[in-house]
Amino acid sequence: MTELRRLAKEESLPVYLVGGPVRDVLIGMPIRDLDFVVEGDAPGLADRLGKELGATVVRHEAFGTASLALPDGRVDLATARREVYPKPASLPQVTPASIHEDLARRDFSINALALPLFDDQPRVLDLHGGVEDIRNGLVRILHANSFVDDPTRVLRAIRYEQRLSFQMEPDTLSRLRDATGQMSLLTGDRLRHELERILEEKHPAPVLDRAAQLGALQGIHSSLTDTGAVGRLAPGQPVLVYLAALTYPLSSQEAEGMIQRLNMPGPWAEVVRHTGELKRLEPELSVDNLPPSSLTGFIERFSEQALVAVSRFSSSPLVAQRIERYLTEHRHVSPIFHGQDLLDMGIPAGPLVGQVLQELRDAKLDGKVHTEADERTWVLESLARKGQSADE
Ligand code: CTP
């Protein structure tokens with residue numbers, strides 16, 4: 001920021017710190033990434049800044065933006081722009097414009113704030129009453145069509161309201177309720193991205209609960225209604241753990257529908273599917289005296305993330321405890337004997353080797369063998385039972 005400020009001052013470049021960081025400084029919250037807007041060529045300015053700081057610059061020429069990855073966070077620079085939405089929920093057409101127009105295109109007054117870097121005594125540029133709304137704790141849209149133009153703002157408004165413990169300004173709230181139906185016009189990728197941002201929050205449960213109350217959770221997918229499992233999780237979990245909790249109540253058909261609608265990438269889809277399968281296995285996983293080998297047989301094919309997730313929010317403490325035990329102990333158990341040891345004992349190469357090894361592992365899991373000598377005896381006895389002999 002110091003370097004950019006020096007460049008801006010020396011050359012009277014119209015550069016502004018904008019949006020989230022200005023809002024967060026005014027609220028007194030820690031700032032994360034820095035967003036700058038320049039009335040002019042942002043990628044060009046980013047290149048010069050990158051050279052001074054020795055940082056790599058990623059340019060997005062078509063959007064007039066560029067970003068720099070610095071040790072203490074990301075810096076984004078954008079050319080000031082106006083946006084026109086050709087139709088509701090479409091991506092806007094953008095053209096270079098003044099900082100005033102750039103602030104006017106934004107989602108909420110609390111984000112439509114800019115701090116000029118080139119002034120000696122910078123004053124916040126606040127054309128939409130954002131400072132007052134921060135003082136009063138209000139989320140307010142800048143114009144009546146805001147949610148219709150961009151229905152992702154429905155979820156963004158709820159996220160800010162809950163994160164900052166603000167309230168929705170009454171007209172904003174009523175327009176938000178009216179616009180939840182427009183969420184169906186969003187592409188799967190955009191909708192998923194907003195869901196991801198909710199799940200990245202430290203406390204996603206209140207955001208999801210409020211979205212459910214306002215009809216916006218069903219805007220993500222019609223089958224989402226029950227957020228109880230998310231509420232059972234401690235704050236700050238990985239996104240996929242929260243995703244598993246959110247989709248835990250769904251039937252397999254509903255889960256498939258949501259996977260398709262949100263165009264989920266492989267790891268997301270896998271967690272959702274595995275979570276559902278695990279839930280349906282819960283009756284088998286809660287029987288009395290379930291041997292560790294059977295438990296392992298039931299669950300070892302599931303991804304670690306789904307297992308961790310279900311162990312954290314399952315409503316059955318026994319299932320949770322068993323999955324945890326599998327993760328910490330059972331999955332690390334393997335016999336001392338390997339395939340080669342069995343071949344060396346004279347067992348013919350073929351499926352029998354794998355079968356004996358599998359059974360030996362089960363025996364070890366269930367505490368029937370411990371030492372190498374136990375394993376040897378167990379193998380010989382198992383072969384005898386199968387009517388095979390080892391040539392020893
Ligand atoms: N913005 C917008 N409409 C959107 C998305 C973003 O007007 N649908 C604007 C807002 O002014 C926002 C800025 O673009 O402040 C940057 O977007 P983003 O990084 O999503 O917002 P932050 O406020 O930085 O969010 P967060 O605090 O969650 O990082």
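All values below come from the heavy atoms of this structure, side chains included, with hydrogens, waters and symmetry mates left out. Each residue takes its place number in the sequence, starting with 1. In listed order, ligands and their atoms are each counted from 1.
Annotation: atom 20 (O) of ligand 1 to nearest protein heavy atom, Arg197 NH1, 2.5 Å. Scanning all protein heavy atoms for the shortest distance to atom 27 (O) of ligand 1 gives Arg23 NH2, 2.7 Å. Here the protein heavy atom with the shortest distance to atom 28 (O) of ligand 1 is Arg163 NH2, 2.6 Å. The protein non-hydrogen atom at the shortest distance from atom 9 (C) of ligand 1 is Arg106 NH1, 3.8 Å. Among all protein heavy atoms, the one lying closest to atom 16 (C) of ligand 1 is Asp35 OD2, 3.9 Å.
Ring centroid separation for the pair Tyr16 and Phe36 does not come in under the 6.0 Å cut-off.
A pairwise comparison of heavy atoms in Gly215 and Thr180 identifies O-CB, 3.7 Å as the closest pair. Contact detail for Ile336 and Thr371: the closest heavy-atom pair is CD1-C, 4.1 Å. Smallest separation of non-hydrogen atoms from Arg190 and Ser90: NH1-O, 3.9 Å.
For the pair Tyr160 and ligand 1, a heavy-atom separation below 4.0 Å is found.
More than 12 heavy atoms of other residues, nucleotides or ligands sit less than 6.0 Å from atom CD of Glu52. A 6.0 Å sphere centred on CD of Glu300 holds more than 12 heavy atoms belonging to other residues, nucleotides or ligands.
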- Message: Could you walk me through whether Arg175 and Asp171 satisfy the salt bridge (charged side-chain N to carboxylate O under 4.0 Å, His left out) test, starting with their C-alpha distance in whole Å, then the side-chain angles of each, then the deciding distance to 0.1 Å, before giving a yes or no?
- Response: CA-CA 6 Å; Arg175 290 189 190 277; Asp171 178 59; 3.2 Å; yes
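Residue Thr152 has at least one heavy-atom neighbour below 4.0 Å for each of these atoms of ligand 1: 8 (N). Each of the atoms 26 (P), 27 (O), 28 (O), 29 (O) of ligand 1 lies under 4.0 Å from some heavy atom of Arg32. Near Gly20, meaning under 4.0 Å from one of its heavy atoms, ligand 1 places the atoms 15 (O), 23 (O), 24 (O). Close approach of ligand 1 to Gly19 is summarised as follows: ligand atoms under 4.0 Å from at least one heavy atom of the residue are 15 (O).
Without hydrogens or angle criteria, Arg192 side chain to Leu262 main chain gives a donor-acceptor distance under 3.5 Å.
Ring planes of His330 and Tyr326: tilted class, angle from 30 to 60°.
Considering both main-chain and side-chain atoms, Arg156 comes within under 3.5 Å of ligand 1 through a nitrogen or oxygen pair. Residue contacts with ligand 1: Arg153 is placed with a nitrogen or oxygen under 3.5 Å of a nitrogen or oxygen of the ligand (distance criterion only).
Of the listed residues (Asp150, Ile198, Leu164), the one carrying the non-hydrogen atom nearest atom 8 (N) of ligand 1 is Asp150.
Looking only at atom types and distance, the side chain of Arg210 has a donor-acceptor partner in the side chain of Gln213 under 3.5 Å away.
Contacts between His193 and ligand 1 below 4.0 angstrom, taking non-hydrogen atoms only, are absent altogether. With a heavy-atom cut-off of 4.0 Å, Asp107 touches ligand 1 through backbone and side chain alike.
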